[in-house]
Protein chains: 2
Amino acid sequence: MKKITMANVAEHAGVSKSTVSQYLNERFHYMSEDTKIRIELAIKELGYSPNSIARSLRQKRTSTIGVIVSNILHDFSTQVVRAIEDICNENSFHVIICNADDDPDKEKRYIEMLQAKQVDGLIVFPTSDNTELFQELIAAHYPLVFVDRVIEGVAVDVILTDNESALRLAVDSLVERGYKEISLITAPLIEHITPRGERKDGFYKAMNEQQITIREDLVHSVQLEEVQSVLSQMLADEVPPTALIAGNDRILQEILKQVQARGISIPNELAVLGIDDVRFAEFFNPPLTTVAQPTYEIGKKAAEILLHKIKEAHTNLDHQIYRLHPELKLRASI
Amino acid sequence: MKKITMANVAEHAGVSKSTVSQYLNERFHYMSEDTKIRIELAIKELGYSPNSIARSLRQKRTSTIGVIVSNILHDFSTQVVRAIEDICNENSFHVIICNADDDPDKEKRYIEMLQAKQVDGLIVFPTSDNTELFQELIAAHYPLVFVDRVIEGVAVDVILTDNESALRLAVDSLVERGYKEISLITAPLIEHITPRGERKDGFYKAMNEQQITIREDLVHSVQLEEVQSVLSQMLADEVPPTALIAGNDRILQEILKQVQARGISIPNELAVLGIDDVRFAEFFNPPLTTVAQPTYEIGKKAAEILLHKIKEAHTNLDHQIYRLHPELKLRASI
DNA sequence: CTGAAAGCGCTTACAG
DNA sequence: CTGAAAGCGCTTACAG
């Protein structure tokens, strides 16, 4: 079966390619009913389907956007992506998803790949090492939106959780219940990744507001692999923490592994509160109290802003940081 | 910033477009060192990046494959997709992922969209209502591979878990531990979806081999929303089940919700075994025994077969069903 | 109301 | 060793 092209349809219907093209693009202004029917029939009989590659080349747009997530293993990413897809579907846009695995080189290659594929715009959960590349894109008025992370020196719209609020919700709900020896474990700060820093800052602020003494030995920013040992160490302390805040879903999982292995009873022996409303929170034993990020809203907003930029003839360079509000999911682990 | 094209580079370097194209495609056979350097420089100075849309139009291939998953909410899908991406990356292929949400219409639209985008091949977790469309693709020698589901009348390679083995592993491990009142809950069979049917068949076979009487009132194929009521009903029975097999990850979650709500103790009051090694199995309380599908191997095999077909000049129509072996993850819930 | 022609940015056989 | 020319399958201004 050879590929059927517009030329074949035109010939079969006895009209010109231009007319077929008009038909496909629903520009029926002056088209006679007869022509319309003949083209419709020809398309059906030949089983024609248009080549959008050719169309994109000519039109210089692809109706496709690219999404580069920093790490697809976080539930946060999948949920945000889901929302982006919904909004794009509604607007007849397609989405290509790439996973940078928190690797700036991979991120760079994906940006180049997506540019080569002529996507109309980009939503990125950025790493912090491609600042220059991002600046170039912005200088070229290329539609770009960041999610989750603010990069210094990159003047672009960013949509993220209000991380300080998230930690205030967490700390306040623990303090209300009388917890004082509160520990926070986040991923490493060295990489200057926004949520981590903001969550730590938020933690300090909220603790101060509650006038709880912060014990520096209970605040850790470590790699996933180190969570276990940091935790063992803290639990072996003379005055161990009575409550634990997990900075994200994967840290929470590490914590729960140890809780399980040691048979620690939640919340009697240790209260556990996670940032990110993991899927198993509801039916875990006990059900886990979490702070849910507004993932759907973040994805929705990011897609809406990006599509708006794409539709504008000339993207203006205004930009803004949108902090969306998290929600406490009070369950039984604190 | 205007888009730089190959013509600009050629002019800047003082050579023809053909030569630039040769350079980009690393056909250096006869190219003088001088020319090479001039082109290299021109590319850098102008910040040129090739337009792969134009390239694809000319070459009639995109080095991109499409993947249509039946339902992205299953961990199974994400894991298989991850493997597909890895293999494609290694082979410089790109992947466009679409989620059909178990909706044949959506599936059809995605197939058409991906065809329009001229993807070089398709990996599909098929619904059973687009038989004709699939047959057309095959008749046209279009590279196609199915994952997870066999569709009657569609002669194509299928990669899936050996579902009968999966249920034999499940049943045998329960029987070994003395369980006799074993219940199975799967998703509805009406849709003729392979794993569901095979798992049920596998259950019957394994139970017979073990010479355990099958109680039909403990075998259910129901919608996700009905899992709760079916379960309540069974547990209220005079002789309630002592062990429960969840046909997939989402059914398992429904079961665990009820277990949690009623404070049922696992495995003392009820043993629970899930098909699909969910991420929380390891640190759940108690850790959950599961049968893990060989997700990575399935994705890898599917991608390898598809890429092989794409590289063959003329796809032959041989086809085969590959059943890959599942693995029992023995933990503490049985 | 419809068609001929140019052009999107590449690649590739062919000529020299 | 390099270039001129044709063509991939569309869209679009323009002419009639």
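Here is how names work: the chains are called A, B, and so on, in the same order as the sequence lines, proteins then strands, and each is numbered from 1.
Considering only side-chain N and O atoms, A:Asn51 lies nowhere under 4.0 angstrom from the phosphate OP1 or OP2 of D:dC8. At the phosphate of D:dC10, OP1 or OP2 sits under 4.0 Å from a side-chain N or O atom of A:Tyr48. Contact annotation: A:Gln59 side-chain N/O to D:dC10 OP1/OP2 distance is not under 4.0 Å. Remark: A:Thr35 is in phosphate contact with C:dT2, judged by side-chain N or O atoms under 4.0 Å from OP1 or OP2. Between B:Ser32 and the phosphate of D:dT2, there is a side-chain N or O to OP1/OP2 separation shorter than 4.0 Å. OP1 or OP2 of C:dT11 has at least one side-chain nitrogen or oxygen of B:Ser21 nearer than 4.0 Å. Phosphate proximity of D:dT11 to A:Lys60: absent, as no side-chain N or O sits under 4.0 Å from OP1 or OP2. The side chain of A:Thr19 contributes no N or O atom lying less than 4.0 Å from OP1 or OP2 of C:dT2.
The existence of a salt bridge linking B:Lys108 and B:Asp129 is excluded, since no basic side-chain nitrogen approaches an acidic carboxylate oxygen closer than 4.0 Å. A salt bridge links A:Arg38 with A:Asp34; the closest basic N to acidic carboxylate O contact falls under 4.0 Å. A salt bridge links A:Arg149 with A:Asp102: the distance from a Lys NZ or Arg NE/NH1/NH2 to an Asp or Glu carboxylate oxygen falls below 4.0 Å. B:Lys300 and B:Glu297 are not joined by a salt bridge, as no carboxylate oxygen comes within less than 4.0 angstrom of a charged side-chain nitrogen.
Rounded to an integer number of Å, the gap from CD1 of B:Ile53 to C1' of D:dC8 is 13 Å. Taking atom CZ on B:Arg55 and atom P on D:dG7, their separation rounds to 21 Å, with Å as the unit. Atom-to-atom, CG of B:Asn25 to C1' of C:dT11 comes out at 8 Å; the value is rounded to the nearest Å. The distance from atom OH of A:Tyr23 to atom P of D:dT11 is 14 Å, rounded to the nearest whole Å. The nearest whole Å value for the distance from the CD atom in B:Glu11 to the C1' atom in D:dT2 is 17 Å. Going from atom NZ of A:Lys117 over to atom P of C:dC10 covers 15 Å, rounded to whole Å. Rounded to an integer number of Å, the gap from B:Leu57 CG to D:dT11 P is 12 Å. Distance, A:Met6 CE to C:dG3 C1': 14 Å, rounded to whole Å.
Counting only Watson-Crick or G-U wobble pairs whose defining distances are both under 3.5 Å, the stems of 3 or more consecutive pairs in DNA chain D are C:1-3 with D:14-16, C:5-12 with D:5-12, C:14-16 with D:1-3.
Side chain of A:Thr64 to backbone of A:Thr62: a donor-acceptor contact under 3.5 angstrom is found. With hydrogens and angles ignored, the 3.5 Å screen pairs no side-chain donor or acceptor of A:Asp120 with any backbone N or O of A:Arg61.
Using a 4.5 Å cut-off on side-chain heavy atoms (C-beta onward), B:Ser21 and B:Asn25 make contact. A:Asp148 has its side chain within reach of A:Phe76: a pair of non-hydrogen atoms, C-beta onward, lies under 4.5 Å apart. Using a 4.5 Å cut-off on side-chain heavy atoms (C-beta onward), A:Ile65 and A:Cys88 make contact.
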List every contact pair, protein side and nucleotides 4-6 of chain C side both N or O, where the distance is under 3.5 Å.
from: C:dA4; atom 1: N7; to: A:Ser18; atom 2: OG; distance (Å): 3.4
from: C:dA4; atom 1: N6; to: A:Ser18; atom 2: OG; distance (Å): 2.5

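The nearest heavy atom of DNA chain C to A:Ala54 and to B:Leu24 marks one nucleotide each, and the one closer to the 5' end goes with A:Ala54.
For A:Thr5, the listed nucleotide lying nearest its side chain is D:dG9; candidates were D:dG9, C:dT11, D:dG3.
Take A:Ser52 and apply the side chain to side chain donor-acceptor pair (under 3.5 Å) test, not counting sequence neighbours, and it matches no residue.
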